[in-house]
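Below you'll find the structure, written out as structure tokens, and then a few comments.
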Amino acid sequence: MKIQEVSNVVSGSIPFDELSGGIDLYRTLASGQTYRWRREDGHLFEPPTSLPTPWYETVAEGAVIRVRQEETSLHWQGSRDIEEHVRHMLRLEDNLPNILEQGPTDDIYQEAIEAHRGMRLVVDSLYIGLISFICSTQMHVERIHKMVQTLMREVGTPIKLDGRTYYAFPTPEQLAACSEAELRACGLGYRAPYVRETAQALACDEAPLPSTPHTEYEQLREQLTIYPGVGPKVADCALLFGMGCLEPVPLDRWIQRAIRDHFPSCDRDSYAETSRAIRSYLGPYPGYAQTYLFHHLRTS
DNA sequence: GCCCAGGAAATAT
DNA sequence: ATATTTCATGGG
């Protein structure tokens with residue numbers, strides 16, 4: 001790792017030969033896991049056509065973070081040295097081939113991992129995952145992204161770097177201070193009161209997020225449903241993409257369709273029981289298998 | 001106009 | 001307890 005500093009911008013690169021399975025930023029950041037990244041030119045949902053890729057950028061840990069793929073490395077820039085956090089957020093320590101080869105032998109899964117090489121899971125934070133996926137109900141991936149980006153721009157804290165302004169994901173206090181009308185103006189529709197009330201519960205410490213390390217996954221999922229707008233599916237997404245727990249298999253439309261068409265033996269009469277069956281079927285990293293299946297089915 | 005979208009809450013049976 | 005309806009809203 002080498003770090004250079006030019007006009008307040010710190011940068012460095014992580015060679016691909018340090019990353020088992022490499023990384024595809026487009027598939028990682030535009031696959032409906034996280035909504036707080038944007039592409040420098042605004043075209044997040046278009047695959048890059050050449051190297052280096054455009055910059056992908058966000059604010060995390062109070063710092064501007066920009067990443068792009070170059071020929072032989074993942075290059076990053078930041079308002080300070082944020083390489084450790086980049087490694088954490090993009091799960092760069094995950095051994096992708098080892099994880100993916102332990103999935104099921106079904107054709108549909110093999111097809112999915114062939115088609116989307118380099119897609120990693122992400123870790124936002126339990127809080128960001130919770131708010132993002134409260135916004136996700138009955139909504140396209142592209143529109144969820146627009147909603148979250150609007151929330152960041154209108155409510156989040158601005159940070160300037162190199163003449164440009166970036167915005168952090170709003171804090172619970174910032175969201176709790178918004179009126180329902182203001183949140184509706186950000187395009188949230190009927191989700192506005194859910195976001196507001198959940199943020200209020202967190203901001204006033206009335207219902208703090210569960211302390212995660214010593215609680216079982218199924219218990220955590222249950223505990224998260226106390227927040228308005230959070231059912232089992234949203235809770236699963238927050239735990240998987242927010243907290244970084246690899247057990248959850250969010251049962252959305254696409255996965256329910258996959259169960260019906262490809263894994264009918266896992267179909268049960270409740271979310272909790274179907275979840276157990278499909279998790280057991282998908283192998284030791286159910287969340288990874290789920291995300292490849294979701295992205296593959298949704299985009300094909 | 002009609003239908004759909006990474007569902008959850010309210011209401012009816 | 002379980003099944004159906006309602007909830008905004010932009011885009012195809």
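Quick caveat: nothing in here was measured; it's all calculated off a predicted structure. We name chains A, B, ... by the order of the sequence lines, and we start the count at 1 in each one.
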- [ ] Measure from the side-chain heavy atoms of K146(A) and tell me the nearest of dT9(C), dG7(B), dG11(C).
- [x] dG11(C)
TODO: Please check if V230(A) and L202(A) belong to a single hydrophobic cluster, counting links between Ile, Leu, Val, Met, Phe, Trp and Tyr side chain heavy atoms closer than 4.5 Å.
DONE: yes
Write down the protein N/O and nucleotide N/O pairs, taken from nucleotides 11-13 of chain B, whose separation is under 3.5 Å; answer none if there are no such pairs.
none

Open item on the list: Regarding D94(A) and Y288(A), do their side chains bring together a donor and an acceptor under 3.5 Å, going by distance alone?
Closed with: yes
With 3.5 Å as the limit, what N/O pairs link the protein to nucleotides 3-7 of chain C?
none

- [ ] Take atom NE2 of H140(A) and atom P of dA8(C), then tell me their distance rounded to the nearest Å.
- [x] 18 Å
TODO: Using the side chain to side chain donor-acceptor pair (under 3.5 Å) rule, collect all pairs that involve residues 43-57 of chain A, keeping only residues at least two apart or in two chains.
DONE: R38(A)-E57(A), E57(A)-R66(A), E57(A)-R164(A)
Task: SB check R196(A) E182(A) (cutoff 4.0 Å) - done: no
Open item on the list: Over all strands shown, is Y35(A) touching base, sugar-phosphate only, or nothing at heavy-atom distances under 4.0 angstrom?
Closed with: base
TODO: Classify the nucleic acid contact of G229(A) as base, sugar-phosphate or nothing, counting any heavy atom under 4.0 Å across all strands shown.
DONE: sugar-phosphate
- [ ] Report which part of the nucleic acid I255(A) touches: base, sugar-phosphate, or nothing (heavy-atom distance under 4.0 Å, all strands).
- [x] base
Open item on the list: Is it the case that the side chains of Y285(A) and N98(A) hold a donor-acceptor pair, with the cut-off being a distance below 3.5 Å and no angle test?
Closed with: no
